[in-house]
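Let me begin by presenting the structure, written as structure tokens, before commenting on it.
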Amino acid sequence: MSDVKRTNKRAQKAKETRRRILGAALELFVQDGYGATNLQDVADKAGVAVQTIYFVFGNKRALLKELVDVTIAGDDEPVATMDRPWYVAALAAETAQDMLRAYVEGATSILERVAPIGRVLEAAAASDPEVAALWSYEVDPRYVVQQGAAKALVGKPGARAEVSVEEAADVLYGLLSPELYLLFVRERGWTRERWERWVGETLRAQLCSTRGDS
């Protein structure tokens with residue numbers, strides 16, 4: 001076996017181990033809670049030595065941070081949300097209505113992935129100041145993403161002329177929030193399809209002109 005093949009095989013094995021650990025952590029954090037889960041539990045679930053988790057992630061807080069980042073992204077590639085193909089394609093749509101359709105679909109996929117660990121993260125941050133510090137930003141990154149979408153939206157045909165970038169960003173930030181998604185889907189039992197239809201219609205009513213709306 002060549003050195004290149006051997007290196008590729010090791011890299012692939014390392015990726016698979018990382019994914020297995022993250023999958024085990026997600027299941028246990030959601031099922032038992034962040035505080036009640038220790039790294040030995042995660043190691044047993046993932047079928048690895050606990051030392052492997054320390055080597056790959058460092059500690060439980062870092063494991064949680066990586067889990068949240070990967071869950072939001074949908075994979076472990078180091079690509080920011082605003083550089084993701086779905087985001088770029090949505091913002092490139094010709095009309096405001098078309099952009100919102102694509103944007104709501106992509107955002108809902110993220111909300112669907114993030115929902116199971118949203119409350120885990122909230123509880124962990126409330127009980128551990130060092131966890132809370134991991135997500136201590138001057139400006140919420142989620143707002144930055146919505147602001148980027150708002151800037152693209154207001155300049156498109158079909159956008160309501162009186163809606164500013166700031167207002168559009170606030171509306172996107174509020175309606176496409178994990179809290180609102182959980183309220184409808186988990187608390188009220190809505191399906192993803194019903195949620196996506198409702199939030200899309202609501203956003204179009206708030207941000208798009210009625211003329212030429214489809």
Side-chain angles (χ1 to χ4, degrees), residues 19 22-23 26-27 29-31 67-77 79-122 135 139-214:
R19 288 170 182 166
L22 289 170
L26 175 60
E27 184 175 341
F29 288 165
V30 171
Q31 175 184 293
L67 177 60
V68 172
D69 290 347
V70 168
T71 302
I72 291 172
D75 57 46
D76 54 6
E77 297 300 321
V79 180
T81 298
M82 295 174 76
D83 295 324
R84 293 267 161 181
W86 76 266
Y87 186 92
V88 173
L91 270 59
E94 290 189 8
T95 69
Q97 292 86 352
D98 288 342
M99 176 186 153
L100 282 177
R101 286 191 193 93
Y103 193 72
V104 165
E105 182 180 358
T108 300
S109 293
I110 292 178
L111 291 170
E112 191 173 44
R113 291 194 301 269
V114 170
I117 62 170
R119 289 182 176 175
V120 171
L121 179 57
E122 186 179 333
W135 283 274
V139 179
D140 186 342
R142 193 171 68 79
Y143 182 81
V144 174
V145 170
Q146 306 298 5
Q147 188 179 49
K151 287 177 180 177
L153 181 77
V154 298
K156 294 184 183 295
R160 286 177 59 182
E162 68 273 23
V163 175
S164 66
V165 170
E166 182 179 20
E167 182 178 352
D170 288 347
V171 170
L172 290 167
Y173 183 75
L175 287 177
L176 293 174
S177 68
E179 295 83 3
L180 192 60
Y181 177 85
L182 282 173
L183 178 66
F184 282 102
V185 175
R186 179 176 292 177
E187 302 297 333
R188 301 308 309 154
W190 283 24
T191 63
R192 170 183 169 143
E193 291 72 23
R194 185 179 179 188
W195 156 265
E196 196 171 325
R197 183 173 64 253
W198 174 82
V199 79
E201 290 171 353
T202 304
L203 284 169
R204 284 192 292 275
Q206 291 292 311
L207 302 177
C208 295
S209 167
T210 55
R211 292 177 298 174
D213 204 355
S214 54

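Counting non-hydrogen atoms of other residues, nucleotides and ligands closer than 6.0 Å to CD of Glu166 gives a total of 12 or fewer. Environment of CD in Glu112: crowded, with over 12 heavy atoms of neighbouring residues, nucleotides or ligands closer than 6.0 Å.
Atoms CG and CD, on Leu111 and Glu179 in that order, are 9.5 Å from each other to the nearest 0.5 Å. Between atom CD of residue Glu105 and atom CZ of residue Arg192 there is a gap of 6.5 Å, rounded to the nearest 0.5 Å. Separation of atoms CD (Glu167) and CZ (Arg160) is listed at 7.0 Å; rounding is to 0.5 Å. Note: Thr202 OG1 to Leu176 CG = 10.0 Å, rounded to the nearest 0.5 Å. The OG1 atom of Thr191 sits 7.0 Å away from the CZ atom of Arg197 when rounded to the nearest 0.5 Å.
Within the 3.5 Å criterion, the main-chain N or O of Leu91 finds a donor-acceptor partner in the side chain of Lys156. Ser177 contributes a side-chain N or O that, together with a main-chain N or O of Gly174, makes up a donor-acceptor pair within less than 3.5 Å. Checking side-chain atoms of Arg204 against main-chain N and O of Gln97 turns up no donor-acceptor pair under 3.5 Å.
Scanning both residues, Thr81 and Tyr87, for their nearest heavy atoms gives O-CB, 3.3 Å. Here the closest heavy-atom approach between residue Ala159 and residue Leu153 is recorded as CB-O, 3.4 Å. For Ala96 against Gly158, the heavy-atom pair with the smallest separation is CB-C, 3.8 Å. Listed here is the closest heavy atom pair of Trp86 and Gly106: CE3-CA, 3.5 Å. Closest approach of Val165 to Ala150, counting heavy atoms only: O-CB, 3.6 Å. Across all non-hydrogen atoms, the minimal contact from Val199 to Leu175 is CG2-O, 3.7 Å.
The aromatic rings of Trp198 and Trp190 stand perpendicular to each other, their planes meeting at an angle above 60°, with 30° marking the opposite boundary.
Partners of Phe29 by ring-ring contact (aromatic ring centres under 6.0 Å, His included), not counting sequence neighbours, listed by chain and number: Tyr34. Partners of Glu94 according to the salt bridge (Lys or Arg N to Asp or Glu O under 4.0 Å) rule, which considers only residues two or more places apart in sequence or in another chain, do not exist here. For Arg142, the salt bridge (Lys or Arg N to Asp or Glu O under 4.0 Å) criterion is met by no residue, not counting sequence neighbours. For Tyr181, there are no side-chain hydrogen bond (donor to acceptor under 3.5 Å, both in side chains) partners at least two apart in sequence or on another chain. Considering only residues two or more places apart in sequence or on other chains, Gln147 meets the side-chain hydrogen bond (donor to acceptor under 3.5 Å, both in side chains) condition with none of them. Not counting sequence neighbours, the partners of Arg113 by the side chain to side chain contact (heavy atoms under 4.5 Å, CB included) test are Thr71, Ser109, Ile110.
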For this session: For the pair Val30 and Ile117, evaluate side chain to side chain contact (heavy atoms under 4.5 Å, CB included) and give the outcome as yes or no after the intermediate values.
Result: CA-CA 6 Å; Val30 171; Ile117 62 170; 4.0 Å; yes
For this session: Determine, stepwise, if the pair Tyr143 / Asp170 fulfils side chain to side chain contact (heavy atoms under 4.5 Å, CB included).
Result: CA-CA 8 Å; Tyr143 182 81; Asp170 288 347; 3.5 Å; yes
For this session: Go through the steps to decide whether Leu180 and Trp195 satisfy the test side chain to side chain contact (heavy atoms under 4.5 Å, CB included), and finish with yes or no.
Result: CA-CA 10 Å; Leu180 192 60; Trp195 156 265; 4.1 Å; yes
For this session: Apply side chain to side chain contact (heavy atoms under 4.5 Å, CB included) to Met82 and Val144, showing your working.
Result: CA-CA 9 Å; Met82 295 174 76; Val144 174; 4.1 Å; yes
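Looking at Tyr173 and Asp140, their side chains come closer than 4.5 Å, going by heavy atoms from C-beta outward.
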